[in-house]
Amino acid sequence: MKIASITARQILDSRGEPTIEADVWLDNGIFGRAAVPAGASTGTHEAIELRDGEEAYNGKGVTKAISNVQGEILACLKGVAADDQFLVDQKLIDLDGTANKSRLGANAILAVSLAAARAAANARGVLFYVHIADIASNQHKSLPLPMMNVLNGGRHASNSADLQEFMLIPVSAKTYAEAVKIGAEIFQSLKSEIGSSGNTTTVGDEGGFTYPVSKNTDMLDLLTRATTTAGYRPGEDVCYAIDAAASEFYHDGIYDLKKEQRQLNPQQMIDYLTDISNQYPLRSIEDGLAEDSWEDWVTMTNDLGHLQLVGDDLLVTNPQRLQKAINMKAANAILIKLNQIGTLTETIKTIKLAKANGWRTIVSHRSGETEDVSIAHLAVGTGADQIKTGSLSRSERTAKHNELMRIEEADRSLVLAHPL
Ligand code: PGA
Ligand code: ZN
C-alpha cells in the first residue's frame, strides 16, 4: 500500500473560515481523507498553521498550504508505505525542517499525516481506531469519558463569561450512549432555564449556550439548576469542569476578570479557583493559569492537585513541554490536540509519555472544527481517559459524539474510561 498521489482542497470550518482537507491515494486505488481544525484561543507555543495572508478570506486562505501538499509533500511521500506511519511522519518533519512546522505549515502536514493513516486503515479493512491502536502498540482501547462544554464564554462567545468553558462530566454513565443522553437532557434543560429568564438561547463556537453573567460562577449556578431540573444529582451523576483559558485574560502579571471587574495576581487567581472548587462539584480545571507561568502552575498543583489540572496552552501536545511539566510537577493532565503538534506520530508519543508518568490524557477538538471525526478514533485507539468535543449541538460537535456511539456499538467489549 504505497502512496501514489495526494490531493488537497480548501473547505470551510464550523466558523466559516477556510481550512485544508487532504486525500491520500494508494497504489491499490484506496484512499483516505482528513480535514484539519483551527483554534481561536491558540497557545503561543503551538505548531504554526500556514495562512495565505492575501485578500481572499481576509488573509485566512490556505492555498499555499495546499500547494505545499500537492508539490513538495507529494514528491517526498510518493512510493512510501502508508502503513508505516512513523516513516510518513518523519519524512514530513524532516522535509519541513523547522521546529514548529512553519515552513510547510502544520495544517498541510497534519492533513497528510492523518489522511495517510486513514488510507492505511481503509486498505487494511479495519476501523480507524483499530489502526491507531496498532500504531500506538496499545492493547487497552477504551471509550473516553466526555467533558461536555454546554456553556461557552471567553473567545468562543460574545457577551458571556470571562472563563471560556463550563463543562459537565456525566460520571454516573456506564456507556457512551448513556453519557450522551445525560448531557443532551441537561442541555435541553439549560435551554429552558435560559429561555425562561428572558435571555436568548444562542450557542457559542463549541455549541454551548452563551449567557450574560456578572460573575463567572453564575454559569455554574445555572448548570446546577439545569442538572437538577433534568433529574440528575450534581456531584453524583454529574460533575463539572472548567477551561479558564487564562492566557486570554492574563496581561503583565494580572488576570483580568472583566465581568467581575476584578484584577487578580497569580496567587489570588489560584485562590479564586480554589473557592470555586470548594463551592461546586468541580473535578477538572484546564489552563487555570497562563501558558508560561511555570512556577505558578507548580504552586497551583501543590494546592489543588487533588483535582485534575489540565495543561492545554501550557503544554500544546508537545513532548518537550510535557516532560518539563512532569519534572516540575506543574499540572497532572494534558489536553491532546493533533494540530498543536502537527503529526499523528508525535501526538501518540505525547500521549504515551503522559500515560507512562501517570498523567491523565484528554483528546480534544478545536473551536473551529469540521465534520472529520478522527479525534473520536484517536481517543479510543490510544485509550485516552477523556474527550472534549463540545456540547450536544452543532453537527461538527455531535459528529464526534455520534461516532463514539457507533464505535461503542461496533465493539461491545470497549468500556467507558473510569470516572475521575
Ligand atoms: P481553541 O479552544 O480551539 O479555540 O484553542 C479550545 C480549548 O482551549 O480547549
Ligand atoms: Zn483549552
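When a ligand or atom number is given, it counts from 1 through the structure's own listing order. Any value given below was found using the heavy atoms of this structure, including those in side chains, with hydrogens, waters and symmetry copies removed. Every value quoted in this text rests on a predicted model; they were computed, and no experiment measured them.
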- Exactly one candidate in Gln263, Gln261, His251 meets side-chain hydrogen bond (donor to acceptor under 3.5 Å, both in side chains) with Asp256; the answer is Gln263

- Message: If you measure every N or O of Asp243 against every N or O of ligand 1, does any of those distances drop under 3.5 Å?
- Response: yes

- Under the 3.5 angstrom rule, does the side chain of Arg33 hit a backbone N or O of Glu21 as a donor-acceptor pair? no

- Item | Numbering as shown, the atoms of ligand 1 that approach Glu286 to under 4.0 Å (heavy-atom distance) | 9 (O)

- Message: Within the 3.5 Å criterion, strictly below it, is a donor on Asp89 or Thr345 matched to an acceptor on the partner's side chain?
- Response: yes

- Query: With distance as the sole test, does His365 use its side chain to make a donor-acceptor pair with the main-chain N or O of Thr370 at under 3.5 Å?
  - Reply: no

- Using a strict cut-off of 4.0 Å, indicate which atoms of ligand 1 neighbour a heavy atom of Gly39. 1 (P), 3 (O), 4 (O), 5 (O)

- Query: Nearest to atom 2 (O) of ligand 1 by heavy atom, His156, Glu248, Arg366, Glu46: which?
  - Reply: His156

- Hey, does the side chain of Arg262 reach the backbone of Leu257 with a donor-acceptor pair shorter than 3.5 angstrom? no

- Item | Geometric class of the Trp25/Phe31 ring pair [parallel <30°, tilted 30-60°, perpendicular >60°] | parallel

- What part of Arg155, side chain from CB on, backbone N/CA/C/O, both or neither, has a heavy atom under 4.0 Å from ligand 1? neither

- Check ligand 1 against Asp312 and write out every atom of the ligand that is under 4.0 Å from a heavy-atom position of the residue. 7 (C), 8 (O), 9 (O)

- Any chance the side chains of Arg397 and Ser14 put a donor and an acceptor closer than 3.5 Å? yes

- Item | ligand 1 contact on Asp287 by region, counting heavy-atom pairs under 4.0 Å | neither

- Message: Could you measure the distance from the CE atom of Met147 to the CZ atom of Arg283? Nearest 0.5 Å is fine.
- Response: 12.5 Å

- Message: Below 3.5 Å, N or O to N or O, backbone or side chain included: is there any such pair between Leu335 and ligand 1?
- Response: no

- Among the N/O/S atoms of Asp312, the Zn ion (ligand 2) lies closest to OD2

- Query: Do Asp312 and Gln340 get their side chains close enough for a donor-acceptor pair, meaning under 3.5 Å?
  - Reply: yes

- Message: So, of the N/O/S atoms that Asp243 has, which is the nearest one to the Zn ion (ligand 2)?
- Response: OD2

- Of all protein heavy atoms, the one nearest atom 9 (O) of ligand 1 is Lys388 NZ, 2.8 Å

- Should you measure from each heavy atom of Glu165, which atoms of ligand 1 turn up under 4.0 Å away? 6 (C), 7 (C), 8 (O), 9 (O)

- Query: Would you call the rings of Phe209 and Phe187 parallel, tilted or perpendicular, where under 30° means parallel and over 60° means perpendicular?
  - Reply: parallel

- Query: For the Zn ion (ligand 2), what is the closest N, O or S atom on Glu286?
  - Reply: OE2

- Message: Checking a contact table here: which protein heavy atom is nearest atom 6 (C) of ligand 1, and how many Å away?
- Response: Lys337 NZ, 3.3 Å

- Item | Short N/O/S contact of Glu165 with the Zn ion (ligand 2) (below 2.8 Å) | no

- Message: Tell me whether ligand 1 is touched by His365 - counting only heavy atoms on the residue side and a distance under 4.0 Å.
- Response: no

- Message: Contact between ligand 1 and Ser41 is defined here as a heavy atom of the residue under 4.0 Å from a ligand atom; is it met?
- Response: yes

- Under 3.5 Å: N/O of Ser367 near N/O of ligand 1: yes

- Task: Compute the minimum heavy-atom distance from Asp313 to ligand 1 and say whether it is under 4.0 Å.
- Result: no

- With atoms numbered from 1 as shown, which atoms in ligand 1 lie under 4.0 angstrom from a non-hydrogen atom of Glu206? 6 (C)

- Decide whether Gln279 and Asp275 meet the rule of one side-chain donor and one side-chain acceptor closer than 3.5 Å. no

- Gly207 to Ser393 - nearest heavy-atom pair and separation: O-OG, 2.9 Å

